[in-house]
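So you know, we letter chains A, B, ... as the sequences are listed, proteins then strands, and number each from 1. The basis for the numbers below is simple: all heavy atoms, side chains too, and nothing from hydrogens, waters or symmetry mates.
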Amino acid sequence: MLNKEHNDLLTRVGRGTPTGDLFRRFWWPVITSERLGGADGSPKRMRVLGEDLIVFRDTEGKVGVLQAYCPHRRALLYWGRNEERGLRCAYHGWKFDVSGQCVDMPTEPPDSTYAARLATIGYPAEEKGGVIWVYLGPKDKIAALPDYEWMTVPAENRVVTSFIQESNYLQALEANIDTAHVSYLHSYLDADAGPQPPQFMEGYRRMVNGDRSPRLTVKQTEYGLLYGGRRSLPDGKYYWRMTHWLAPATTQLPSTDYGNGTIVVPMDDHSSMSFSLLWHKDKTIPQSTQSQRRGLVGDDQGTTFKLSDGYVIDHPRGFVHVDNDYLIDRAMEATKFIGTAGGTAAEDRAVTETMGPVPDTMGKISDRSEEHLGVSDVAIVAARRALIRMVKALQDGVEPELAQRGDLYHVRGADIVTEHEDFEGVLTDYGQQLVTA
Amino acid sequence: MNPEPRTEMVNPWHVVAVERIDPVTTTRVMRQIAASDGIDQLAYREAEIDSLWSLVHMAVRADIPGAAEVLNLLWVAHDSVADERQEEALAALAKVRDHPDLESLNRDVWNVGEQEERS
């Protein structure tokens, strides 16, 4: 469990909060390139770390990430016209380029130089790996972009999808650092009846159903932590699921040939967005694969979603959510552990979006002071502590070294069958599978 | 007299099976803390104290006398281990171990009491 003070510390991400300050030392995905679209396309409303943002691609293909509100009268720039290398506010026609600089102010006198002296807040933005990244922190502390393997493979070898998580980010992140739940939440009663996820070892379902109480070993690293979940197999060997948590909120999940990861982006204290990553160094991946696996394909997706305070973002909610009980079908539970529709993402969302909340958090922040943890939660315990240490270090004036070390992100998860009972033995023999070039 | 925590022959990677809140289990956890160094091992210690805390929390919910006091001591031990302040954690756990109501906080004990009361 966490005491109330630490729970509050880790879950509040707005500007001026300790964790918000730490998270502003890192780059965050804000939208996929595909969803943003091409030059002079429709601007997109997004939110990251409590900041309302407008993302747009100008005539030359450059990407701008601006504060969402016009500095003139605070009109929402989403209503503006994206044309001729800038975004023009719909209210009075003031126009801003991708850096946020005002480049036209047609309502002011023709001889005025006011426009040149005025800018809206424009955040550093990068486009890499099929994702638009934004940096929201101090300009003199700008981070290195994380150098993930999936960002370097050809576009046809990766699939990046995003989905909304209607809860505080930490609930989503912790689900990704929890191997024990895959033996239940994502399982089929008959292991052979479930689909074989392409990124996992053949027979994965049988192995996680066969031993439902994995023994965990945790190792703190420069980037966060690596942990191994060991399950016993009938032939005396062991199935190890090796997962990395990369601070602040990325997990590289167990996988074989494929890479498999998730970045959880806090939109605000009550909502987040997960970017799900599947890639292969050498093979093309059909773009439908990840969406189907994560259950993101369905009807009634819409194009927008209203956050808890009324701000609208340009991202579909998805066809299963808390308001339709994740389309739970109890008859499905004859074959599947949980009868929700929408695949693994919806299964995770169902349990993590509805956790027992801290009062006055719109039901969106789990009250960890009421948890009763077991030893299978040790990876979550370790990750929380590591994050608290980073937050407190920054409060003491120690900048996170990781933010300047994109090379530390050169890791990938692995699932391994071996005779090794001990974690160090696995690392000795299979360590190369856990790093990337 | 309860044994003091010893560090010899203790494997810090071993996880104590916490099934009761009693002097023996508490002492085992204390031995592990005394032998642990570094944040990896202390994460296991935090998980062990989590389990002790959970048992006592059940007793708090059942209004068992002494439970709230022990729970507060376990909060101190928990947060001290988390901050790598093992000595403070050991001091708090020593008070837990020596608490006069400790045995009565176990569910099997107070369930028996409830059953006797009902009969």
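- With a 4.5 angstrom heavy-atom cutoff, Leu225(A) does not touch chain B via any of its atoms.
- For a residue to count as touching a neighbouring chain, one of its non-hydrogen atoms must lie under 4.5 Å from one of that chain's; by this rule Ile380(A) does not touch chain B.
- In this structure, chain B has no heavy atom under 4.5 Å from any part of Asp377(A).
- Under 4.0 Å is where a charged nitrogen must lie from a carboxylate oxygen, and between Arg368(A) and Glu174(A) at least one such pair does.
- Heavy atoms of Arg61(B) lying under 4.5 Å from chain A belong exclusively to its side chain.
- Taking the charged nitrogens against the carboxylate oxygens, Asp269(A) and Arg12(A) do have a contact shorter than 4.0 Å, which makes a salt bridge.
- For Phe337(A) and His186(A), the ring centers are positioned 6.0 Å apart or more.
- Between chain A and the options Gln41(B), His57(B), Glu48(B), the largest number of non-hydrogen pairs under 4.5 Å is found for His57(B).
- Separation of the Phe423(A) and Tyr238(A) ring centroids does not fall under the 6.0 Å cut-off.
- Note: Asp79(B) leads Asp79(B), Leu42(B), Val18(B) in heavy-atom pairs under 4.5 Å with chain A.
- At a threshold of 4.0 Å, the pair Arg384(A)-Glu371(A) counts as salt-bridged, since one of the basic side-chain nitrogens sits closer than that to a carboxylate oxygen.
- Residue contact with chain B, scored on non-hydrogen atoms closer than 4.5 Å, involves the backbone and the side chain of Thr217(A) alike.
- Residues Arg230(A) and Asp422(A) are not paired through a salt bridge, judged by the lack of any N-O separation under 4.0 Å between the basic side chain and the carboxylate.
- Note on Ala82(B), Gly38(B), Ser51(B), Ala17(B): by heavy-atom pairs under 4.5 Å with chain A, the leading option is Ala82(B).
- Separation of the Trp53(B) and His372(A) ring centroids falls under the 6.0 Å cut-off.
- Residue contact with chain B, scored on non-hydrogen atoms closer than 4.5 Å, involves the side chain of Arg389(A) exclusively.
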